[in-house]
Amino acid sequence: MPAARTRKTVARKSAARTSAAAEPRAPAKRDPKPAAPAKKDPPSKQPARKEPPKRKQAATAARAARAPARARSAQAPAPATPRQARRADATERATRESVQRVRDAAPALPQNIALVLQGGGALGAYQAGVYQGLFEAGIAPNWIAGISIGAFNTAIIAGNPPEKRMATLREFWDTISRPNVFPSTTLGQEARFDGIDADTRAWLDTWEAWRAIIEGQRGFYLPRAWLGPDPALFAGGQPGPAAASWYDTSPMIATLNRLVDFDRLNDDGIRVSVGAVNVRTGNLEYFDNTQMRLDARHILASGALPPAFPAIEIDGEFYWDGGLVSNTPLSHVLTASPRSDTLVFQVDLWNARGELPQNLLDVAERQKEIQYSSRTRLITDTQRVFQHYRRLLRELLEEIPAEVRASNPWAQHAAELACDRRYSVIHLIYRDRAKIGHFKDYQFGRVAMREHWLSGQGDIARALAHPDWLQLPQGESAFVAHDATAP
């Protein structure tokens, strides 16, 4: 009997081996992907408006369409927890759906598409997420205007060819979200911190903000205390405007020169405007590549927020952060001359509306929100009224005989003021995780950076789910604003 059982066992094992050899083996389980699922290639049928083809744009777009999936997958945070995975999947799904809606609608985009980027420090990763959504939808702004961190994002986008913009944006934010001295708190496992409880997260955010103050941020700024006292001080001198600050921002000059092709930024057909305040006059000035050649100094000047950062000298004048006067360049874009039909994507990092503060920390946060929101809604409301009267004036001039318009000086002046152009503004405001604290603009931790970026992707996906918003207003209305992130 034992021998018989042995023979039966051997026979069963042999049959099992034969069966296993005949059937295809199930693939081995792989480790979780290090990035979000690869996205579809950019649609071959682009909207009507593209960037001016000064550098063989068609060939560049073809190279971007053939970019390997692993390059595109590096653009998004890596989900590791169920909550992070669900959120990333939802964002990807919304992005694909919105891109498909835009492709199906095939809207005829206006001649001028402007991307307007507000200042907000570490919150600027939100703007990178918004741009990613525009890039994937094939919407290419031909005018980008920025203040402070918005100026940095502007330079990265305009200073790189289309197929490299997303990878370079990711490299920029990966760089400046690392502390200067010790490794990142999360040791590269940022996504695993997504599901931590609120109290632990508050401690993490506070710790990251403290590190930003003590260590500085890699490739951005470092404390002057590391550099030792200024030798001029020993002789009774003064540090001077270029050194009168808590931090040294020369590392950002090196970062910009490494990641931005300023020849392309100045000559590739994208208009670039960055705002800064003249320290001597107190006036807000715009550095525009249609009027001058821009370099790293102009970008850094737009983000030189005192007293943390020093004034930047340009042609004998010193400049501070443009947010001291106005934290959004929207007025500059809407009042530019000559006027043209324009679609504007206004990306704000500060929400003017908020809760009543309950303690001093809440007061500090709310103060920043009100100060740096720059009354964007007031600007759009004012411009809507102005544009209505410009068009009204144009219609009235049409009723005046041509010989009177040619000879009457008041009619000639009215003709200069009149305008029949149309404007559509899509307004996005960063609202997610509004309670990071009053230090949210200098909390550059990698966990927060990834959340900001993902929020930008989600918000622009919701905006593009309305392809009709990409159209200019019709009928009597000459100016329309869409609040894409209204609660």
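Counting heavy atoms from C-beta outward, Thr185 and Trp207 have side chains that approach closer than 4.5 Å. Using a 4.5 Å heavy-atom cutoff, the side chains of Pro251 and Arg218 are not in contact. Considering only heavy atoms from C-beta on, Leu305 comes within 4.5 Å of Leu324 through its side chain. Under the 4.5 Å side-chain criterion, counting only non-hydrogen atoms from C-beta, Val425 is in contact with Phe479. Between Ile299 and Phe152, the closest side-chain pair of non-hydrogen atoms falls below 4.5 Å. The shortest distance between side-chain heavy atoms of Thr485 and Asp483 falls below 4.5 Å. No side-chain heavy atom of Val272 sits less than 4.5 Å from a side-chain heavy atom of Tyr286. At least one side-chain heavy atom of Ile176 sits under 4.5 Å from a side-chain heavy atom of Phe172.
In this structure, Asn266 contributes its side chain and Leu294 its backbone to a donor-acceptor pair below 3.5 Å. Remark: the backbone N or O of Gly119 is paired with a side-chain donor or acceptor of Asn327 at under 3.5 angstrom. With Asn289 contributing its side chain and Leu265 its backbone, the two residues share a donor-acceptor pair below 3.5 Å. Using modelled atom types, no side-chain atom of Ser148 and backbone atom of Gly150 make a donor-acceptor pair closer than 3.5 Å. The backbone N or O of Thr168 lies less than 3.5 Å from no partner atom in the side chain of Asn160, so there is not a single donor-acceptor pair. Judged purely by atom type and a 3.5 angstrom limit, Trp173 has no side-chain atom pairing as donor or acceptor with the backbone of Arg450.
Between Ala151 and Ser302, the shortest heavy-atom contact is CB-OG, 3.5 Å. Taking both residues in full, the closest heavy atoms of Phe262 and Arg293 are given as O-NH2, 3.9 Å, listed atom of the first, atom of the second, then distance. Taking every heavy atom of both residues into account, Val363 and Pro357 meet most closely at N-CB, 3.6 Å. Of all non-hydrogen atoms in Ala484 and Ile426, the two that sit nearest each other are CB-CG2, 4.2 Å. Ser184 approaches Arg178 most closely through the heavy-atom pair OG-CG, 4.1 Å. What you find for Ala304 and Ile312 is that their closest heavy atoms are CB-CG1, 4.1 Å.
From Arg280, atom CZ reaches atom CD of Glu317 across 4.0 Å, with rounding to the nearest 0.5 Å. To the nearest 0.5 Å, atom OH of residue Tyr221 and atom CD of residue Glu215 are 10.0 Å apart. Summarising the geometry, atom CD1 belonging to Ile157 is positioned 7.5 Å from atom CZ belonging to Arg165; distances are rounded to the nearest 0.5 Å. Once rounded to the nearest 0.5 Å, the distance linking NE2 of His332 with OG1 of Thr335 reads 7.5 Å. Summarising the geometry, atom CG belonging to Leu464 is positioned 6.0 Å from atom CZ belonging to Phe345; distances are rounded to the nearest 0.5 Å. To the nearest 0.5 Å, atom OH of residue Tyr372 and atom CG of residue Asp321 are 7.0 Å apart.
Checking Ile144, Ile149, Val260 one by one against Thr154, the side chain to side chain contact (heavy atoms under 4.5 Å, CB included) holds for a single residue, Ile144.
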Side chain to side chain contact (heavy atoms under 4.5 Å, CB included) evaluation trace for Met252 with Thr255: CA-CA 5 Å; Met252 178 56 77; Thr255 298; 4.1 Å; yes
Steps toward side chain to side chain donor-acceptor pair (under 3.5 Å) verdict (Tyr126, Asp459): CA-CA 9 Å; Tyr126 174 83; Asp459 285 350; 2.7 Å; yes
Side chain to side chain contact (heavy atoms under 4.5 Å, CB included) between Asp174 and Met449, intermediate numbers included: CA-CA 9 Å; Asp174 278 348; Met449 183 273 287; 3.7 Å; yes
From CA spacing to verdict: side chain to side chain contact (heavy atoms under 4.5 Å, CB included), Gln118, Tyr430: CA-CA 11 Å; Gln118 195 182 66; Tyr430 179 61; over 6 Å; no
Check against side chain to side chain contact (heavy atoms under 4.5 Å, CB included), Ile270 and Trp143: CA-CA 5 Å; Ile270 298 180; Trp143 186 359; 6.0 Å; no
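For Trp350 and Gln371, the side-chain atoms include no donor-acceptor pair closer than 3.5 Å.
Under the 4.0 Å criterion applied to side-chain N and carboxylate O atoms, Lys440 and Glu369 are assigned as salt-bridge partners. Checked for salt-bridge contact, Arg201 and Asp205 meet the test: a charged N lies under 4.0 Å from a carboxylate O. Salt bridge absent: Arg353 and Asp348 never bring a charged side-chain N and a carboxylate O closer than 4.0 Å.
Remark: aromatic rings of Phe309 and Phe220 are close, center separation under 6.0 Å.
Every salt bridge (charged side-chain N to carboxylate O under 4.0 Å, His left out) that Asp288 has, sequence neighbours left out, goes to Arg271.
Dense packing is recorded around CH2 of Trp469, with more than 12 heavy atoms of other residues, nucleotides or ligands lying under 6.0 Å away. Environment of CH2 in Trp320: sparse, with no more than 12 heavy atoms of neighbouring residues, nucleotides or ligands closer than 6.0 Å.
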